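For reference, the structure discussed in these notes is given below.
FYI, the numbering just counts along the sequence from 1. This is a predicted model, so every value here is computed, not measured.
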Amino acid sequence: MEFSPLNRLPQDTLHQIFSHLTLREIMVSKCVCKCLNATLSSPAFLHLISTQQPPLSLLALRPSHRTHTHTHNNSSSHCALHVFDTMLNYWFRFPLSFLPFRSHYPITSSHGLLYLWAEGPTSVSPPGNNSKTLIVCNPLTRQFKLLPQLGSAWCKHGSVLVGSPNQVLVLTELAAIYFSGSSTSNNWLKFSSNLPSKPRSPILISDTILALCDVGSPWRSQWKLFRSTVKDLQFSQQWTRLEKHEWGDIFDIMKRPRLLAGKNDKVLMIGGLKSSYSLHSTCSTILILRLDMESLEWEEAGRMPPEMFRYFQDSSKFKVFGGGSRVCFSGKRVGRLALWEENEYGKGEWRWISGVPGNSDGLYRGFVFEARLNALP
């Protein structure tokens with residue numbers, strides 16, 4: 001590219017030409033040479049496309065085990081975020097080697113930003129230091145920022161929920177901490193969570209927190225849906241149990257339910273559909289239900305086809321991740337991901353995703369990553 005005619009064009013002209021490409025094509029073009037990478041990473045170009053390019057919705061994988069990221073991070077495959085493009089049906093990687101940390105563990109994303117747990121900068125934090133830091137970064141632009149440090153207990157036991165940019169909540173059964181980048185204190189706010197049990201798959205939709213809690217006995221689980229807001233937690237530590245008489249036994253027919261944030265502020269609940277009400281009932285399929293938060297009415301969004309479910313029926317455990325219009329399923333010894341995806345007409349379609357990177361036990365975990373070139377940490 002050193003002697004390419006492109007180098008003779010003014011920067012403004014190059015910006016106008018490449019602004020007509022999709023974000024996917026821009027990302028590919030940045031890999032052509034250093035010159036194009038610099039041109040397509042410039043503030044002027046990012047500002048130009050900020051209102052033109054929709055985000056690129058990808059499925060991102062977490063590392064299989066957190067302990068893997070604690071060994072020789074700079075030379076391991078965990079120095080990258082593995083993502084799947086459902087449009088191209090292709091796996092690729094976002095390098096994370098620009099982060100100056102001994103170890104890092106991607107956990108979630110929001111508004112084009114990736115959130116990771118880290119042990120601390122290699123140049124500052126000595127080995128053996130148990131302090132943990134949440135990092136927010138944009139792997140497309142390689143910009144990052146550190147949030148105030150936390151103890152290792154929050155990393156091990158807390159669920160990280162991210163809503164609007166710079167608003168982060170870490171939730172456990174007993175306590176919650178909240179950080180807002182717009183706050184003058186620039187520190188974490190800590191308050192009691194007062195949940196009846198350890199929250200399962202908590203989610204944050206707008207300013208509303210939802211979580212499933214087991215209110216049953218040690219011998220039989222009984223899952224219920226609880227709701228609160230950041231403001232309510234901060235000042236009253238109150239949760240509301242969401243239930244309606246019309247819901248009937250909707251939680252009793254679901255085995256090990258999980259929550260995901262759906263499209264248009266709706267809630268997805270996913271779990272095995274029990275064959276009966278007996279304590280050790282088998283499941284006939286995996287069910288996806290959708291809750292409208294305004295009307296508080298459930299509807300069935302999808303159920304796994306029998307020919308696909310038989311792979312999970314033989315699996316002793318399965319995981320669920322995703323959000324919006326996509327839900328992914330992984331299971332022990334399944335060897336690939338099952339994907340439910342809602343098309344533009346509101347109909348759910350099922351298919352397999354093969355070639356999943358790494359992981360020996362097959363229990364993949366992940367989240368939706370909406371890649372944006374103009375997201376600033």
Quiz item: Minimum heavy-atom separation for Gly271 to Met254, with atom names?
Solution: N-CE, 3.3 Å

Quiz item: Below 4.5 Å, heavy atoms only, C-beta onward: do Lys244 and Ser295 meet side chain to side chain?
Solution: no

Exercise. Return yes if some donor-acceptor pair links the side-chain N/O of Thr39 with the main-chain N/O of Cys35 below 3.5 Å, else return no.
Key: yes

Self-check item: Ion pair Arg303/Glu300, N-O distance below 4.0 Å
Solution: yes

Quiz item: Are side-chain heavy atoms of Leu56 and Asp85 found at a separation under 4.5 Å?
Solution: yes

Quiz item: For the ring pair (Phe, Tyr, Trp, His ring centres under 6.0 Å) test, which of Trp340, Trp350, Trp352 pairs with Phe329?
Solution: Trp350

Quiz item: Are any side-chain N or O atoms of Trp247 and backbone N or O atoms of Leu296, one a donor and one an acceptor, separated by less than 3.5 Å?
Solution: yes

Quiz item: Side chains of Val230 and Asp207: closer than 4.5 Å at any heavy-atom pair?
Solution: no

Exercise. Taking all non-hydrogen atoms of both residues into account, name the closest pair between Gly262 and Leu268 and its distance.
Key: CA-CG, 4.0 Å

Exercise. Give a yes or no answer on whether the side chain of Ser109 reaches the backbone of Val368 with a donor-acceptor pair at less than 3.5 Å.
Key: yes

Quiz item: Does the ring center of Phe179 lie less than 6.0 Å from the ring center of Trp188?
Solution: yes

Quiz prompt | Donor-acceptor pair, side chain of Asp249 and main chain of Asp252, under 3.5 angstrom | solution = no

Quiz prompt | Polar contact flag, side-chain donor to acceptor under 3.5 angstrom, Thr22-Glu25 | solution = yes

Quiz item: If you draw a 6.0 Å radius around NZ in Lys198, do more than 12 non-hydrogen atoms from other residues or ligands fall strictly inside?
Solution: no

Quiz item: Is the closest side-chain heavy-atom distance between Arg258 and Phe321 below 4.5 Å?
Solution: no

Exercise. Please confirm whether the backbone N or O of Leu363 pairs with a side-chain atom of Lys332, one donor and one acceptor, at under 3.5 Å?
Key: no

Practice problem: Is it possible for you to say whether Leu174 and Leu195 belong to one hydrophobic cluster, with membership spreading through side-chain heavy-atom contacts below 4.5 Å? | Solution: no

Practice problem: Would you mind reporting whether Leu58 and Phe94 have side-chain heavy atoms less than 4.5 Å apart? | Solution: yes

Quiz item: Between Leu212 and Pro257, is any pair of side-chain heavy atoms under 4.5 Å apart?
Solution: yes

Self-check item: Atom pair SG/CG of Cys328 and Leu59 - distance to nearest 0.5 Å
Solution: 4.5 Å

Quiz prompt | Cation-pi check, Arg336 onto Tyr311 ring (under 6.0 Å, within 45° of axis) | solution = yes

Quiz item: Are Arg256 and Phe318 in a cation-pi setup, meaning NZ or CZ lies under 6.0 angstrom from the ring centre and within 45 degrees of the ring axis?
Solution: no

Quiz prompt | Aromatic ring pairing Phe251/Trp298, orientation class (parallel under 30°, perpendicular over 60°, tilted between) | solution = perpendicular

Quiz item: Are any side-chain N or O atoms of Ser193 and backbone N or O atoms of Thr172, one a donor and one an acceptor, separated by less than 3.5 Å?
Solution: yes

Quiz item: Is there side-chain contact between Ile353 and Phe84, with heavy atoms separated by less than 4.5 Å?
Solution: yes

Quiz item: Is there a donor-acceptor pair under 3.5 Å between the side chain of Asn138 and the backbone N or O of Arg372?
Solution: yes

Quiz item: Are the side chain of Ser110 and the backbone of Gly163 linked by a donor-acceptor contact shorter than 3.5 Å?
Solution: yes

Quiz item: Backbone N or O of Val160 within a donor-acceptor pair of the Trp154 side chain at under 3.5 Å?
Solution: no

Quiz item: What are the two closest non-hydrogen atoms of Ser29 and Leu21, and how far apart are they?
Solution: OG-CD1, 3.8 Å

Quiz prompt | Shared hydrophobic cluster for Leu88 and Val83 (ILVMFWY, side-chain gaps under 4.5 Å) | solution = yes

Quiz prompt | Gap separating the CG atom of Leu23 from the CG atom of Leu140, nearest 0.5 angstrom | solution = 6.5 Å

Quiz item: Is Leu373 linked to Leu376 within one hydrophobic cluster, defined over Ile, Leu, Val, Met, Phe, Trp and Tyr using a side-chain heavy-atom separation of less than 4.5 Å?
Solution: no

Quiz item: Can you name the closest pair of heavy atoms from Phe312 and Ser330 and give their distance?
Solution: CE2-C, 3.6 Å

Practice problem: Work out which heavy atom in Arg241 is nearest to a heavy atom in Phe226; give both atom names and the distance. | Solution: CD-CZ, 3.4 Å

Self-check item: Distance, nearest 0.5 Å, that separates CD1 of Ile209 from CG of Leu233
Solution: 4.5 Å

Self-check item: Reported OG-to-CE distance for the pair Ser206 and Met293, which is rounded to 0.5 angstrom
Solution: 9.5 Å

Quiz item: Do the ring planes of Phe45 and His15 sit parallel (below 30°), tilted (30 to 60°) or perpendicular (above 60°)?
Solution: tilted

Exercise. Kindly compute the distance separating CG (Leu169) from OG (Ser159), expressed to the nearest 0.5 Å.
Key: 9.5 Å

Quiz item: How are the rings of Phe92 and Tyr90 set to each other: parallel, tilted or perpendicular (split at 30° and 60°)?
Solution: parallel

Quiz item: Just checking, any donor-acceptor pair under 3.5 angstrom between side chains of Thr86 and Arg326?
Solution: yes

Exercise. Would you confirm whether the ring centroid of Phe101 sits within less than 6.0 angstrom of the ring centroid of Trp117?
Key: no

Quiz item: How are the rings of Phe144 and Phe98 set to each other: parallel, tilted or perpendicular (split at 30° and 60°)?
Solution: tilted

Quiz prompt | salt_bridge(Glu342, Lys347) N-O dist < 4.0 Å | solution = no

Quiz prompt | Check: Trp239 main-chain N/O paired with Ser228 side-chain donor or acceptor under 3.5 Å | solution = no

Quiz item: Below 4.5 Å, heavy atoms only, C-beta onward: do Leu116 and Tyr105 meet side chain to side chain?
Solution: no

Practice problem: Might you point out which heavy atoms bring Ile205 and Ala261 nearest each other, and give the distance in Å? | Solution: CG1-CB, 4.1 Å

Practice problem: Answer yes or no: are there more than 12 heavy-atom neighbours, outside Lys190 itself, under 6.0 Å from its atom NZ? | Solution: no

Exercise. For atom CD of Glu299, decide whether the heavy atoms of other residues, nucleotides or ligands shown that lie under 6.0 angstrom number more than 12.
Key: yes

